[in-house]
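Here is the naming used below: chain letters follow the sequence lines, and residue numbers restart at 1 for every chain.
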Amino acid sequence: MSLIPKEFYSRDPAVVTRELLGAVLVRLYGGVRLTCRIVETEAYYGVEDPASRARRGGDLARTMYGDVDVALVYGVHRQWLLNVVAHELGTGGAVLIRAAEPLEGVEVMMELRKVRCVRKLLSGPGRLTKALAVDKRFHKKPLYVSDYGLWIEWGVTPRPEDIAESHRVGVASDLSRPLRFFLRGNLYVSRSR
DNA sequence: CGCCAGATTGACT
DNA sequence: GTCAATCTGGCGG
């Protein structure tokens, strides 16, 4: 397996978001490889995006406009949400990792999540971070190296007809363009409300 | 330091 | 479907 390079993330957030489907998220946790295949993602832009955290200013905004391919982790409703900073030069943006299909380390992930149901293990942004023991410590850490125990590798590229799109989940005011992408029919996509 | 909205989840009617 | 838990980050005082 090989790491996805930093340049991959220096493009329009929606493009990166779509192409991240099928990629493999790896977490080295106490010597155990916890791995999963990304099946659901959302794109966020900079201050021009009404749903973007960049609107609120502060450190999260600066991070979204900063180096690409670093983790952006922040808390909401007492969960941690994992994003990857991605944007074209001079703009802001990030990809929210919303759901993934478990591959390796399922037993350890079930212990971390305290559930036995594999389908519910990684099928939501808050569930995913808990199962992978991802928290604020990873904020601003680069994902293009394996040094920090969290990184993203190339996976199996989905066929275009297997990629579905919709509006983003849980946002008060969305852009007119669909910015949520997921693998059609995949069992591990988060349930819509 | 207090206030409050929120890219959620899981328990319950 | 409904609803509250009780966390984080930004902001105002």
Side-chain angles (χ1 to χ4, degrees), chain A residues 9 12-21 23 25 36 38-66 68-87 91-102 109-141 143 150 152 163-183 186-193:
Chain A
Y9 301 89
D12 184 282
V15 173
V16 177
T17 299
R18 175 184 261 271
E19 293 188 13
L20 227 32
L21 292 176
L25 183 61
C36 54
I38 296 169
V39 301
E40 180 183 347
T41 49
E42 279 178 0
Y44 287 83
Y45 287 84
V47 291
E48 72 274 26
D49 180 351
S52 177
R53 289 272 143 168
R55 284 233 161 176
R56 295 158 183 265
D59 174 68
L60 293 177
R62 281 191 293 277
T63 306
M64 287 186 81
Y65 277 80
V68 297
D69 204 2
V70 299
L72 187 156
V73 180
Y74 82 98
V76 63
H77 291 283
R78 90 180 203 284
Q79 334 279 335
W80 294 111
L81 273 58
L82 173 64
N83 301 253
V84 187
V85 176
H87 54 75
T91 66
V95 180
L96 171 67
I97 313 292
R98 282 193 60 88
E101 175 177 336
M109 291 193 278
M110 288 201 278
E111 282 172 36
L112 286 161
R113 275 272 287 128
K114 304 193 194 321
V115 295
R116 300 298 304 171
C117 178
V118 179
R119 275 185 66 163
K120 295 178 180 172
L121 209 49
L122 303 166
S123 54
R127 293 172 173 181
L128 181 142
T129 53
K130 191 169 185 190
L132 297 177
V134 167
D135 58 27
K136 192 70 183 177
R137 294 196 306 269
F138 290 94
H139 186 53
K140 297 192 211 178
K141 292 288 188 293
L143 300 173
L150 182 69
I152 304 176
I163 297 176
E165 54 187 53
S166 78
H167 287 280
R168 294 175 292 188
V169 174
V171 300
S173 56
D174 204 352
L175 294 169
S176 56
R177 187 149 71 102
L179 292 171
R180 170 176 176 251
F181 301 94
F182 58 97
L183 296 185
N186 187 282
L187 289 176
Y188 302 93
V189 168
S190 72
R191 72 196 160 111
S192 54
R193 319 276 304 191

Calculate the interatomic distance between A:Arg62 atom CZ and C:dG10 atom C1'; express it in whole Å. 11 Å
Could you tell me whether A:Arg168 contacts a base, only the sugar-phosphate backbone, or nothing, with contacts defined as non-hydrogen atoms closer than 4.0 Å? nothing
Distance under 6.0 Å and angle within 45° of ring axis: A:Arg180 vs A:Phe182: yes
OH of A:Tyr74 versus C1' of B:dA5: gap in Å, rounded? 11 Å
For A:Val171, answer base if it contacts any base atom (sugar-phosphate contacts may also be present), sugar-phosphate if it contacts only those atoms, and nothing otherwise; contact means non-hydrogen atoms under 4.0 Å. sugar-phosphate
Nearest to the A:Gln79 side chain among B:dT9, B:dG10, B:dA5, which nucleotide is it? B:dT9
Once you round it to whole Å, what is the distance between C1' of B:dA7 and CZ of A:Arg56? 10 Å
Any base atoms under 4.0 Å from A:Asp59, or only sugar-phosphate, or nothing? Heavy atoms, all strands. sugar-phosphate
Options B:dT8, C:dG9, B:dG6, nucleotide nearest the side-chain atoms of A:Leu81: B:dT8
Can you tell me how far the CZ atom of A:Arg113 sits from the OG1 atom of A:Thr129, to the nearest 0.5 Å? 9.0 Å
Given B:dT9, C:dC7, B:dG6, the nucleotide with the shortest approach to the side chain of A:Val76: B:dG6
Could you go step by step and tell me if A:Arg119 and A:Ser123 meet the side chain to side chain donor-acceptor pair (under 3.5 Å) rule? CA-CA 7 Å; A:Arg119 275 185 66 163; A:Ser123 54; over 6 Å; no
Whole angstrom value for the distance that separates P of B:dT9 from CG of A:Leu121: 13 Å
Take the protein atom CD1 of A:Ile97 and the nucleotide atom P of B:dT8, then report the distance between them rounded to whole Å. 14 Å
Between B:dT8, B:dG10, C:dG9, spot the one nearest the side chain of A:Arg98, thanks. B:dT8
Derivation of the salt bridge (charged side-chain N to carboxylate O under 4.0 Å, His left out) call for A:Asp49 and A:Arg168: CA-CA 12 Å; A:Asp49 180 351; A:Arg168 294 175 292 188; 2.7 Å; yes
Do you know the tightest heavy-atom contact between A:Tyr44 and A:Val171? OH-CG1, 3.6 Å
Figure out the CG/P separation between A:Leu60 and C:dC11, and round it to whole Å. 10 Å
Nearest to the A:His77 side chain among B:dT9, B:dT8, B:dA7, which nucleotide is it? B:dT8
Would you mind telling me which residue lines up with the more 5' stretch of DNA chain B, A:Arg127 or A:Ala172, judged by nearest nucleotide? A:Ala172
Considering only heavy side-chain atoms of A:Arg191, the closest of C:dT6, B:dG10, B:dA7 is B:dG10
When we call it a touch if two heavy atoms are under 4.0 Å apart, what does A:Arg113 touch: a base, just sugar-phosphate, or nothing? sugar-phosphate
What is the separation between atom CD on A:Glu40 and atom P on B:dT8, rounded to the nearest whole Å? 10 Å
So, is A:Arg53 close to the C:dG10 phosphate, meaning a side-chain N or O under 4.0 Å from OP1 or OP2? no
Output yes when at least one side-chain N/O atom of A:Lys136 is less than 4.0 Å from OP1 or OP2 of C:dG9, else no. yes
Nearest 0.5 angstrom please: A:Tyr74 OH to A:Lys136 NZ, how far? 10.5 Å
Round to a whole Å and report the spacing from NZ of A:Lys130 to P of C:dT8. 14 Å
What one should report as the nearest heavy-atom pair of A:Leu82 and A:Ala71 is CD1-CB, 4.0 Å
Would you name the heavy atoms of A:Asp12 and A:Tyr45 that are closest together and state the gap between them? OD1-OH, 2.6 Å
Watson-Crick and G-U pairing of DNA chain C, under 3.5 Å, as dot-bracket with | and [ ]: |||||.||||||.
